[in-house]
Amino acid sequence: MRIRPRRRAAECPLRRILSAGVVLALVVPAYGCRVELTPPGAPTTWPAAQARHWQWQWQVTGPLDPAVDAEVFLLDPVATTAAQTAELRSRDRRLICQVHVGSVRSADPDASRFPAAVQGSPGRRPGSRWLDVRGWDALEPALADRFRLCRGKGFGAVALADADGYASRTGFPLDFDDQLLFNRRLAQLARSLDLSPGLVNDVPQLAALAPDFDFAVNEECVRLGQCAKLLPFADADKPVFHVEYTGSTDDFCVTTVGYGFASILKERTLDAWREPCPLP
């Protein structure tokens, strides 16, 4: 697929540099001046005026392609280098790291930090096990360091994956409320470390968790008939980053763009290839 290079937005005539190095960040309509990116050390912002106008990329396998025509990149913080995030930030990209908070793989660099007592049944990913999310005191130190890795590499947001173990056979008697408490604690932890928190899937809890999270990432809501359940985020002018793996953009873009989602078609391997829906 040939990728068209982005044209740099014209400089906003309203920008002013204030004394003491303070920058005035203007929140403007999507087709106005480019919104100032927050510098490293602060969480990513998601201006409400641009909520329905993001283009995004999700890549966790293969060589990273920094030239993809997208404003938001969702990446693996272990595989992504600080040099790569610096290059993307130089292109005015917003960066989200994907952190698996409800499972651990034996091959993870920090696997030894998760006690055997909180590791349960095999998880979704090969070589992974579900975690007992009720054991916050045992899990929080390692998860906090996973978040710190994101912050240290220049990410401004974190997407929580495997944050829905209560709906699977984890080997633990987890219930809806156990997961809600865990996910809310993680959102607070992310904010305390200057990261904007987002939630991957966990569709049944989206309405309850919408006030706690800044954005949602969803896989296959069209195929699964679940798109309406993401509206608590879209209606609150929070980004919904959506991906389908089957069909064509002609099949689902009208529906999802109408809902206000940022939608793309991807391979399940989540390599660099993508086909985006047109912006509204």
Side-chain angles (χ1 to χ4, degrees), residues 22-23 25 35-47 54 56 58 60 71-90 92-105 108-115 118 131-165 178-202 205-206 208-217 233 236 238-239 241:
V22 179
V23 178
V35 177
E36 284 287 352
L37 276 180
T38 310
T44 296
T45 57
W46 307 101
W54 298 109
W56 76 296
W58 191 357
V60 294
E71 299 149 304
V72 178
F73 280 69
L74 175 53
L75 305 170
D76 177 355
V78 175
T80 307
T81 68
Q84 288 172 323
T85 60
E87 179 181 359
L88 288 167
R89 290 188 64 88
S90 73
D92 291 347
R93 304 317 193 220
R94 282 172 161 79
L95 305 181
I96 306 170
C97 65
Q98 176 179 313
V99 174
H100 291 271
V101 295
S103 67
V104 61
R105 295 182 304 173
D108 288 344
D110 60 353
S112 64
R113 300 188 61 191
F114 294 88
V118 296
L131 296 172
D132 185 351
V133 302
R134 299 169 303 171
W136 177 253
D137 290 342
L139 297 177
E140 189 270 342
L143 294 176
D145 282 346
R146 288 186 173 189
F147 288 3
R148 290 188 183 100
L149 175 66
C150 295
R151 182 71 270 165
K153 286 193 175 181
F155 290 90
V158 57
L160 310 185
D162 286 345
D164 54 357
D178 293 329
Q179 192 74 57
L180 275 183
L181 176 59
F182 180 68
N183 292 350
R184 284 175 172 147
R185 281 173 163 171
L186 287 169
Q188 293 173 356
L189 177 62
R191 294 189 193 283
S192 74
L193 297 172
D194 290 323
L195 291 165
S196 168
L199 190 62
V200 180
N201 296 323
D202 195 16
Q205 295 191 330
L206 286 177
L209 291 173
D212 302 283
F213 287 84
D214 295 342
F215 61 92
V217 178
F233 276 79
K238 296 183 177 183
F241 300 113

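With sequence neighbours excluded, no residue forms a side chain to side chain donor-acceptor pair (under 3.5 Å) with W54. The side-chain contact (heavy atoms from CB on, under 4.5 Å) search around Q188 returns none, not counting sequence neighbours. Under the side-chain contact (heavy atoms from CB on, under 4.5 Å) criterion, A86 pairs with no residue at all, not counting sequence neighbours. R146 is linked by a side chain to side chain donor-acceptor pair (under 3.5 Å) to D108, D110, counting only residues two or more places apart in sequence or in another chain. Residues passing the side-chain contact (heavy atoms from CB on, under 4.5 Å) test with Q205, sequence neighbours excluded: Y166, F176, Q179, L180, N183, D202, L209. Annotation: side chain to side chain donor-acceptor pair (under 3.5 Å) contacts of Q98 (sequence neighbours excluded): W58, H100. Considering only residues two or more places apart in sequence or on other chains, S196 meets the side chain to side chain donor-acceptor pair (under 3.5 Å) condition with W46, D214.
With hydrogens and angles disregarded, a donor-acceptor distance shorter than 3.5 Å links the side chain of R94 to the backbone of T45. Of the possible polar contacts, one joining the R151 side chain to the D194 backbone as a donor-acceptor pair under 3.5 Å is found. Put simply, the side chain of T80 never gets that close to the backbone of P77: no donor and acceptor are under 3.5 Å apart. At least one donor-acceptor pair closer than 3.5 Å links the side chain of K153 to the backbone N or O of V78. Between the side chain of R89 and the backbone N or O of R93, no donor-acceptor pair lies under 3.5 Å.
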Please table the atom pairs, donor to acceptor, closer than 3.5 Å between any side-chain atom in residues 135-143 and protein atoms at least two apart or in another chain.
none

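In this structure, NZ on K238 lies 11.0 Å from CG on L199, to the nearest 0.5 angstrom. Within the model, atoms CG of L149 and CG of L193 stand 12.0 Å from one another, a figure rounded to the nearest 0.5 Å.
Looking only at side-chain heavy atoms (C-beta outward), R191 and P43 stay at 4.5 Å or farther from each other. In this structure the side chain of V72 reaches within 4.5 angstrom of the side chain of F241, judged on heavy atoms.
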Q.
Would V99 and L186 count as a side chain to side chain contact (heavy atoms under 4.5 Å, CB included) here? Give the steps.
A. CA-CA 11 Å; V99 174; L186 287 169; over 6 Å; no
**Q.** W56 and I96: CA distance, side-chain angles, deciding distance, side chain to side chain contact (heavy atoms under 4.5 Å, CB included) verdict
**A.** CA-CA 10 Å; W56 76 296; I96 306 170; over 6 Å; no
Q.
Using side chain to side chain contact (heavy atoms under 4.5 Å, CB included), reason through F147 and L160 one step at a time and then give a plain yes or no.
A. CA-CA 10 Å; F147 288 3; L160 310 185; 3.6 Å; yes
Q: For the pair T44 and F215, evaluate side chain to side chain contact (heavy atoms under 4.5 Å, CB included) and give the outcome as yes or no after the intermediate values.
A: CA-CA 11 Å; T44 296; F215 61 92; over 6 Å; no
